Amino acid sequence: MEVIILDNQEQVSQFAANYVASRILKKPRIVLGLPTGSSPLGMYKKLIDKYQQGILDFSEVITFNLDEYVGIVPGHSQSYNSYMYKNFFNFVNIKPHNINIPDGLVADFDNYCKKYEQYIEDCGGIDLQILGIGRTGHIGFNEPSSSLGSRTRIKTLTESTRQDNARFFNSIDEVPHHVITMGIGSILDSKECMLIAFGEHKAESIAAMVEGCISSMLPASALQFHPSIKVVIDSAAASKLKNKEYYKFVYDNKPAWQYV
Ligand code: F6R
């Protein structure tokens with residue numbers, strides 16, 4: 001794991017946007033795995049800026065979103081489908097047929113989830129998977145006890161995640177209990193991962209993910225198996241890491257040959 005500790009949220013978003021941009025410039029037909037939530041908002045804004053400045057072209061980019069609520073229509077103000085269009089897709093030249101967001105309303109979930117996985121594979125697999133992390137240590141909506149080999153499927157949200165997400169709804173009663181999410185195994189199959197987080201409320205799950213034992217009770221810890229993962233965090237989210245000085249030294253002294 002490469003742990004990159006920056007001063008604040010703004011720097012994390014800037015780093016993430018620059019990194020995604022560099023990957024798109026290198027491979028215009030890149031396959032991106034995308035999250036929703038508050039963590040990637042700054043990154044999306046900066047990617048939009050780069051598009052508007054003529055630095056980036058999304059016309060070949062293919063995206064797969066990590067997750068969606070079950071039982072709410074794509075046009076619902078709090079669906080992840082709406083989030084993606086409101087915060088990103090409406091402002092760049094991505095082609096609608098290259099956008100893939102799980103459908104939380106299908107009749108045959110088993111079959112649909114298998115097809116979602118198959119389509120990722122047909123597109124060549126995810127080149128760069130961007131992730132946030134929940135207070136429960138979830139990635140995507142793989143809550144504690146998720147199998148570390150899991151694939152896209154239906155999951156039940158924990159009460160703590162429902163409470164965290166209630167801020168986007170009128171009341172907690174409106175937050176769905178069920179979601180469709182790419183699995184831990186699906187995420188680990190991506191060629192490269194970048195997890196972004198900021199704020200003290202993420203410090204515990206970041207420390208457990210980076211320095212704790214690998215356990216399905218902290219699903220993000222499975223990322224320790226990933227051969228190419230960047231964890232980009234601010235100093236508040238890094239505050240509970242035991243080895244933060246070492247990670248800072250490694251990053252500040254990164255030899256040129258390690259940049260790919
Ligand atoms: C959302 C997702 C979740 C979030 C996580 C953090 O698509 O995959 O794992 O990344 O819940 O959410 P925020 O960024 O709102 O703290």
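Nothing fancy with the numbering, it's 1 onward along the sequence. Small disclaimer: the values here were computed from a predicted structure and weren't measured. Both ligands and their constituent atoms are indexed starting at 1 by order of listing.
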Problem set entry | Donor-acceptor pair between Q118 and D122 side chains, under 3.5 angstrom | yes
For this session: Report the nearest protein non-hydrogen atom to atom 1 (C) of ligand 1: residue, atom name, distance rounded to 0.1 Å.
Result: T36 OG1, 3.2 Å
Problem set entry | Proximity flag K202 to ligand 1, non-hydrogen atoms under 4.0 Å | yes
Exercise. Which protein non-hydrogen atom lies closest to atom 2 (C) of ligand 1, naming both residue and atom, and how far is it?
Worked result: D67 OD2, 3.3 Å
Problem set entry | atom 10 (O) of ligand 1 - nearest protein heavy atom and its distance | G132 CA, 3.3 Å
For this session: Determine whether the aromatic ring centres of Y44 and F91 lie less than 6.0 Å apart.
Result: no
Problem set entry | Proximal atoms of ligand 1 relative to R167 (non-hydrogen, under 4.0 Å) | 15 (O)
Exercise. Hey, which of L34, V179, L131 is the one that makes side-chain contact (heavy atoms from CB on, under 4.5 Å) with L66?
Worked result: L131
Problem set entry | Which segment of L66 sits under 4.0 Å of ligand 1 when only heavy atoms are counted | side chain
For this session: May I ask you to list the atoms of ligand 1 that are less than 4.0 angstrom from any heavy atom of S38?
Result: 13 (P), 14 (O), 15 (O), 16 (O)
Problem set entry | Distance filter under 4.0 Å to H138 heavy atoms, resulting ligand 1 atoms | 3 (C), 5 (C), 9 (O), 11 (O)
Exercise. Side chain of Y112, backbone of D103: donor and acceptor closer than 3.5 Å?
Worked result: yes
For this session: Going by the ring pair (Phe, Tyr, Trp, His ring centres under 6.0 Å) test, name the single residue among Y51, Y80, Y83, F58 that passes it with F88.
Result: F58
Exercise. What atoms in ligand 1 come closer than 4.0 Å to a heavy atom of P35?
Worked result: 7 (O)
Donor-acceptor pairs under 3.5 angstrom involving side-chain atoms of residues 227-235: please list them, not counting sequence neighbours.
residue: K230; atom: NZ; partner: E2; partner atom: OE1; Å: 3.0
residue: D234; atom: OD1; partner: G199; partner atom: N; Å: 3.1
residue: D234; atom: OD1; partner: A236; partner atom: N; Å: 3.4
residue: D234; atom: OD1; partner: A237; partner atom: N; Å: 2.9
residue: D234; atom: OD2; partner: G199; partner atom: N; Å: 3.3
residue: S235; atom: OG; partner: D7; partner atom: O; Å: 3.3

For this session: Scan side-chain atoms only and decide if E117 and S186 contain a donor-acceptor pair under the 3.5 Å cut-off.
Result: yes
Exercise. For atom 14 (O) of ligand 1, which protein heavy atom lies nearest, and how many Å away is it?
Worked result: S39 OG, 2.5 Å
Exercise. With atoms numbered from 1 as shown, which atoms in ligand 1 lie under 4.0 angstrom from a non-hydrogen atom of G140?
Worked result: 2 (C), 3 (C), 8 (O), 9 (O)
Exercise. Which heavy atom of the protein is the closest neighbour of atom 6 (C) of ligand 1, given with residue, atom name and distance?
Worked result: I133 O, 3.3 Å
For this session: Output all residues satisfying side-chain contact (heavy atoms from CB on, under 4.5 Å) with Q14, sequence neighbours left out; order by chain, then residue number.
Result: E10, N18, K46, K50
